[in-house]
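Notes follow the structure.
Throughout, numbering of the chain's residues begins at 1 and tracks the sequence.
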Amino acid sequence: MSKKDIIEDNNISVKSGSVRKSSGNSRHQRNVHLAVFCAVFTIIMILGTAFIIVHSISDKEKLREKGIEAFKGGSYNEAVNDFKASLELKQWFSERMDNDTNLYLAAAYMRSGEYQSAYNIYNELILDNKATALSKDALNQLAELAAALDNIKNGDISEDTVNKLNTELERGNKSTYLFLGLCYQKMEKYDEMIDAFNNYSDNYGINTYISYQMSSYYLNIGDVDNAVTMINKGMTCGDDLYKDKVMFNDIVVSEIKLDYSTALDKASKLIKEYPENETYQKEYDFLYSRINMNEEPVHTKTDDE
C-alpha cells in the first residue's frame, strides 16, 4: 500500500471515529433530556396529586369537624348535613374516618328522631363488617334500639302490642325486652318498664339510652341511690350515644345532695366536651353562681342615705 493510501485510510478511520463519537454524544444528550423530562413530569404529577389529596382531605375533615361541633351543640339537623357532605367527598385511604363519620351521622339521626335512617347506617356497618370504634355487639344493640324507637314512633302502643311482644319473649327472643320496655315507658307503666330494661341489660348489657331513661325515672321518684347505680353503669358502658344526658343526670344527683362544688366540677367536664350546648352552659353558669355568690349585700343602709 502506498503512503497516500495509508494516509487516506487513517483519515477515514478518524472521520468514522468522530462520527461514532458524535452519535454517541447525541444519544447521551437525548437520554439526559429524557431523564430530566421524566423526572420533572413525575415531580409535577406527585405535586399535583398531593395538592388534590391535601385539598380534598382538608374539605372532608373540615366538614366532619363542623358536624361534630354542631352535634355537640345539639344542632342535630345541621350535623346531619355536614356529615353527609363530608361522606360525599371521595378520598383515598379515608375508609376508617368515613366509618367513624357514619357513626356520628347515625347518632345525629337518633338524636333528631330519624330512627329508620340511623338503623340503616348501623345495619350497613354490621353487614359490610366495617371497622369501627364500636364492637359488632354494640352496633347490634344500637340497631335494635333504632328499630324499636322507630316502631314506637310510628305505631300506636296497645295491650295487643304488648301481648304480641310477650309471645315473642316466650319463643326465646330476649332482645324483645328492649321494645317491651319502650312500650311500657310510652304507656307510663314504669315498674314494668324497669323490669323489661333490666332483663334486656342482663342479657345484652346496658347502653346509655337505658341508663339515661332509668336514671331519669329514679331521679323523678327521689330514688337517688338507684339513679347513681344506673348513671355509673351508663358512664362505663362504652356507648356514647346518650352519654351527655347521663352526665347531666350525674350533675343533678350532686345538686340534690347540695354538693354544688362537685356538681360544678362535673358541669365543667360536660361543657368541655359539649362546649356549644346552651343547656349545659346555663347549668354550668348556675352552679358557678352558687359557688361564687357575692357575700356583700347588694342593698345597704348607706345606699338609702
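- You'll find the side chain of Met230 stays beyond 4.5 Å of the side chain of Asn249, heavy atoms only.
- Using a distance-only test at 3.5 Å, with no hydrogens or angles considered, no donor-acceptor pair links the side chain of Ser86 to the main chain of Asp82.
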All N/O donor-acceptor pairs, side-chain side in residues 132-149, below 3.5 Å, sequence neighbours left out:
| residue | atom | partner | partner atom | Å |
| --- | --- | --- | --- | --- |
| Thr132 | OG1 | Leu134 | N | 3.1 |
| Thr132 | OG1 | Leu134 | O | 2.8 |
| Ser135 | OG | Ala138 | N | 3.2 |
| Asn140 | ND2 | Lys136 | O | 3.2 |
| Gln141 | OE1 | Asn207 | ND2 | 3.3 |
| Gln141 | NE2 | Tyr204 | O | 2.4 |
| Gln141 | NE2 | Gly205 | O | 3.4 |
| Glu144 | OE1 | Tyr200 | OH | 3.0 |

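- Side chain of Lys186 to backbone of Ile157: no donor-acceptor contact under 3.5 angstrom is found.
- Using modelled atom types and a 3.5 Å distance limit, the side chains of Gln281 and Asp285 yield a donor-acceptor pair.
- Residue pairs meeting the side-chain hydrogen bond (donor to acceptor under 3.5 Å, both in side chains) criterion with at least one member in residues 230-243, sequence neighbours excluded, are Thr208-Asp239.
- For Lys189, the salt bridge (charged side-chain N to carboxylate O under 4.0 Å, His left out) test picks out Glu159, with sequence neighbours left out.
- The salt bridge (charged side-chain N to carboxylate O under 4.0 Å, His left out) contacts involving residues 98-118 comprise Lys60-Asp98, Arg64-Asp100, Arg111-Asp244, where partners must be two or more places apart or lie in separate chains.
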Can you give the donor-acceptor pairs under 3.5 Å from side chains of residues 116-123 to other protein atoms, not counting sequence neighbours?
| residue | atom | partner | partner atom | Å |
| --- | --- | --- | --- | --- |
| Gln116 | NE2 | Asn120 | OD1 | 3.0 |
| Asn120 | ND2 | Gln116 | O | 3.3 |

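- Listed by chain and number, the residues in a salt bridge (charged side-chain N to carboxylate O under 4.0 Å, His left out) with Lys72 amount to none (sequence neighbours excluded).
- In this structure, Phe286 places its CZ atom where more than 12 heavy-atom neighbours from other residues, nucleotides or ligands lie under 6.0 Å away.
- Under a 3.5 Å cut-off, the side chain of Thr176 and the backbone N or O of Asn173 do form a donor-acceptor pair.
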